[in-house]
Amino acid sequence: MKALSSRMDRTVIFICLAGTPALTLSAEPPQYRITELGDLGRHSVAWSVNDAGEVVGDYLIDVDEDETDNRAFLYSEGVMHDLGTLGGADATANAVNDSSQVAGTSDTPDSQRAFLYTDGVMLDVGEQTGDLRTSTGEAMNDLGEVTGRINTEDGHRAYIYRDATLSTIGLPPEAGGSEGCADYGAVAYGINNATQVTGFLYELIPAGCRSTAFVYSRDTGETILIGELLPDYSTAGYDINDNGQVLVYALGNGDAGAFVYSDGELTRIGTGVLTGFSINDDGWVVGNTGSGGEDSRAFLYIDGEMFDLGELVTDLSGWAHLDSAREISDSGYIAGFGETASGVTRAFLLTPIPAELGVRVDIRPGSRKNKVNLRSNGNIDVAVLATKQFDATQVDWETARFGPKEATERHGRVHLRDVGDDGDVDAVLHFRIRETGIRCRDTEATLTGETFGGVAFTATGKINIVKCRR
């Protein structure tokens, strides 16, 4: 199987270390439902996922008894689609954006090129570059901009492809171009929606040459060598989110690990040997522990805590273990690959399961009997109570609906007050009784709505109908 892209082994510039740290579960992480992606070929891996849960990667097919090919796929609406190639045998899809555009690398009849797949057509990203030998497509953003590397007679060059134009990223004068380096130049691995790019470049130092993580901003034209914050390590930037946080891999002095670059500082995540591959806008990180192979396990990092993803899946039957998580979307989907119970490597999609919010309501707060007079022209008060799991101040009154006819909030706002005298701030909503659709025989009524963050909730409370014409 040919390695079409450095996504296949991003630690190729480093040595491998052994050992897998134990992951400690000490907080309440999300739970996930797992979907196996494998109805094409006999082996599949996933590299990227978007906010809609669409996944891209590659799968393996047998050409004959001694030869196999990699083929790129897009998983969308429950179906895996083969994306084809640029005329050669192999292709791999490395990134998918929220418009379902895909970037990756494909063989041509005589070379290997980065591609952009859009509107059902695979485009050769690098064909306009005269001195190009080969190229890879490593990442893309929601603007359809692709980044990766081109290989020329002058070494590697990181690039940005946008609107059918490819431009290389400028390097600071102290980096690259040295004949003392086996390879020189730069490679890009990540790009955000502000067109900030991260990756690594070969930096000339007194001891010779090392890989150094960088961040490039198209707006300013500035390249910052963030790897210099770890002078004893070789480093590479693997991903960058829209807040400018960079996920960095570092190796040196018999140590290897993941760091997050933010506000001019590098902070290590976890302990022991691990690699982080993706960071979303909430700062959540996914990757794998260990240095690859049988001992590697997919992890999720949230707010200083490390979690074994295999322990967060509600039903892992059919799987032996989850090897690696390669991307986490801003909406929480995770894509990666693992080993099935039958010993086959398969791509997976992890879908977060919404947690129970524990929403409770008090109809007619202050009244023990919750009396409702259906002959009244007045309003009915419904209090959404704060709990440890639910912040009532986040109730969006515009989405609130009450009763069988889904009455809307009468006053056009939420009234915040402590209705239970327990020190918590509750949300009180008002609905016109005759608009609720509550009937004489009803003994309870339901409120539905969403938080300002778009999380839906449902809560039901007891009612006592009085003065009703039966």
Side-chain angles (χ1 to χ4, degrees), residues 26-33 51 281-282 284 302-303 305 312 314 330-332 351-470:
S26 58
E28 290 297 329
Q31 298 291 302
Y32 293 92
R33 181 178 69 255
D51 280 342
D281 286 350
D282 290 325
W284 293 16
I302 307 174
D303 298 331
E305 301 293 341
L312 303 183
T314 56
D330 292 333
S331 60
T351 301
I353 300 172
E356 292 293 334
L357 296 179
V359 179
R360 296 189 297 116
V361 293
D362 183 2
I363 300 173
R364 293 288 198 202
S367 170
R368 296 180 60 185
K369 296 184 178 182
N370 299 343
K371 293 182 180 180
V372 178
N373 181 2
L374 297 185
R375 300 172 63 181
S376 170
N377 289 321
N379 299 325
I380 183 171
D381 301 348
V382 180
V384 183
L385 304 178
T387 67
K388 291 182 178 180
Q389 295 80 28
F390 187 73
D391 181 359
T393 67
Q394 295 302 301
V395 172
D396 182 356
W397 67 268
E398 291 185 305
T399 66
R401 301 291 185 268
F402 183 64
K405 291 188 176 180
E406 299 186 339
T408 58
E409 216 290 324
R410 179 73 177 87
H411 297 143
R413 71 185 187 94
V414 170
H415 302 261
L416 299 178
R417 67 173 189 265
D418 181 4
V419 300
D421 294 326
D422 55 6
D424 294 329
V425 179
D426 308 304
V428 180
L429 303 164
H430 300 86
F431 303 92
R432 193 183 295 276
I433 293 176
R434 294 194 174 184
E435 292 179 356
T436 64
I438 295 173
R439 297 155 297 185
C440 291
R441 62 179 179 272
D442 290 341
T443 59
E444 59 185 19
T446 298
L447 175 76
T448 63
E450 295 181 4
T451 66
F452 290 120
V455 178
F457 64 85
T458 300
T460 299
K462 297 293 185 180
I463 55 176
N464 179 23
I465 305 300
V466 297
K467 297 183 180 181
C468 190
R469 296 175 179 174
R470 300 182 183 272

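Values in this document were obtained by computation on a predicted structure and should not be read as measured data. Heavy-atom basis, side chains included; hydrogens, waters and symmetry copies ignored.
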Quiz item: Which heavy-atom pair separates Pro352 from Gly332 by the least distance, and what is that distance?
Solution: CD-O, 3.6 Å

Quiz item: What are the two closest heavy atoms between Pro365 and Ala383, and how far apart are they?
Solution: CG-CB, 4.0 Å

Quiz prompt | CD1-CG distance between Ile438 and Asn373, expressed to the nearest 0.5 angstrom | solution = 11.5 Å

Quiz item: Is a side-chain donor or acceptor of Asp330 paired with a backbone partner of Asp281 at a separation under 3.5 angstrom?
Solution: yes

Self-check item: Point-to-point distance, once rounded to the nearest 0.5 Å, from CD1 of Ile465 to CZ of Arg441
Solution: 11.0 Å

Quiz item: Okay, side chain of Asp396, backbone of Ala400: is any donor-acceptor separation there less than 3.5 Å?
Solution: no

Quiz item: Are side-chain heavy atoms of Ile302 and Pro30 found at a separation under 4.5 Å?
Solution: yes

Quiz prompt | Over all atoms of both residues, closest heavy-atom pair of Phe390 and Leu385 | solution = CD2-O, 4.2 Å

Exercise. Would you indicate whether the side-chain heavy atoms of Val395 and Phe457 approach each other to under 4.5 Å?
Key: yes

Self-check item: Beyond-backbone contact of Phe431 with Val382, side-chain heavy atoms, under 4.5 angstrom
Solution: yes

Quiz prompt | Asp442 side-chain N/O to Glu444 backbone N/O, donor-acceptor pair under 3.5 Å | solution = no

Quiz item: Does the side chain of Thr314 come within less than 4.5 Å of Ile353's, by heavy atoms?
Solution: yes

Quiz item: Heavy-atom distance under 4.5 Å between the side chains of Asp426 and Val384, does that happen here?
Solution: no

Exercise. Please check if the side chain of Ser331 supplies one atom and the backbone of Asp51 the other of a donor-acceptor pair under 3.5 Å.
Key: yes

Exercise. Could you grab the distance from atom CZ of Arg364 to atom NZ of Lys369, nearest 0.5 Å is fine?
Key: 14.5 Å

Exercise. Check the side chains of Arg413 and His415 for a donor-acceptor pair under 3.5 angstrom, ignoring hydrogens and angles.
Key: yes

Quiz item: Can you tell me how far CD of Glu435 sits from CZ of Arg401, rounded to the nearest 0.5 angstrom?
Solution: 11.0 Å

Quiz item: Looking at side-chain heavy atoms only, is the closest gap between Ile433 and Asn377 below 4.5 Å?
Solution: no

Quiz item: Got a sec: does the CG of Asp422 have more than 12 other heavy atoms crowding it under 6.0 Å?
Solution: yes

Quiz item: Run the side-chain contact (heavy atoms from CB on, under 4.5 Å) check on Leu429 and Leu447 step by step: do they pass?
Solution: CA-CA 10 Å; Leu429 303 164; Leu447 175 76; 4.1 Å; yes

Quiz item: How many angstroms lie between atom CH2 of Trp397 and atom OG1 of Thr408, to the nearest 0.5 angstrom?
Solution: 8.5 Å

Quiz item: Below 4.5 Å, heavy atoms only, C-beta onward: do Val372 and Leu374 meet side chain to side chain?
Solution: yes

Practice problem: Taking all heavy atoms of His411 and all of Asn379, pick out the closest pair and write down the distance. | Solution: NE2-ND2, 3.8 Å

Exercise. Can you measure from CD1 (Ile363) to CG (Asp381) and round to the nearest 0.5 angstrom?
Key: 10.5 Å

Quiz item: With no hydrogens and no angle check, do the side chains of Thr448 and Thr458 hold a donor and an acceptor under 3.5 Å apart?
Solution: no

Self-check item: Test item: Val425 and Arg417 side chains (from C-beta on) under 4.5 Å apart, heavy atoms
Solution: no

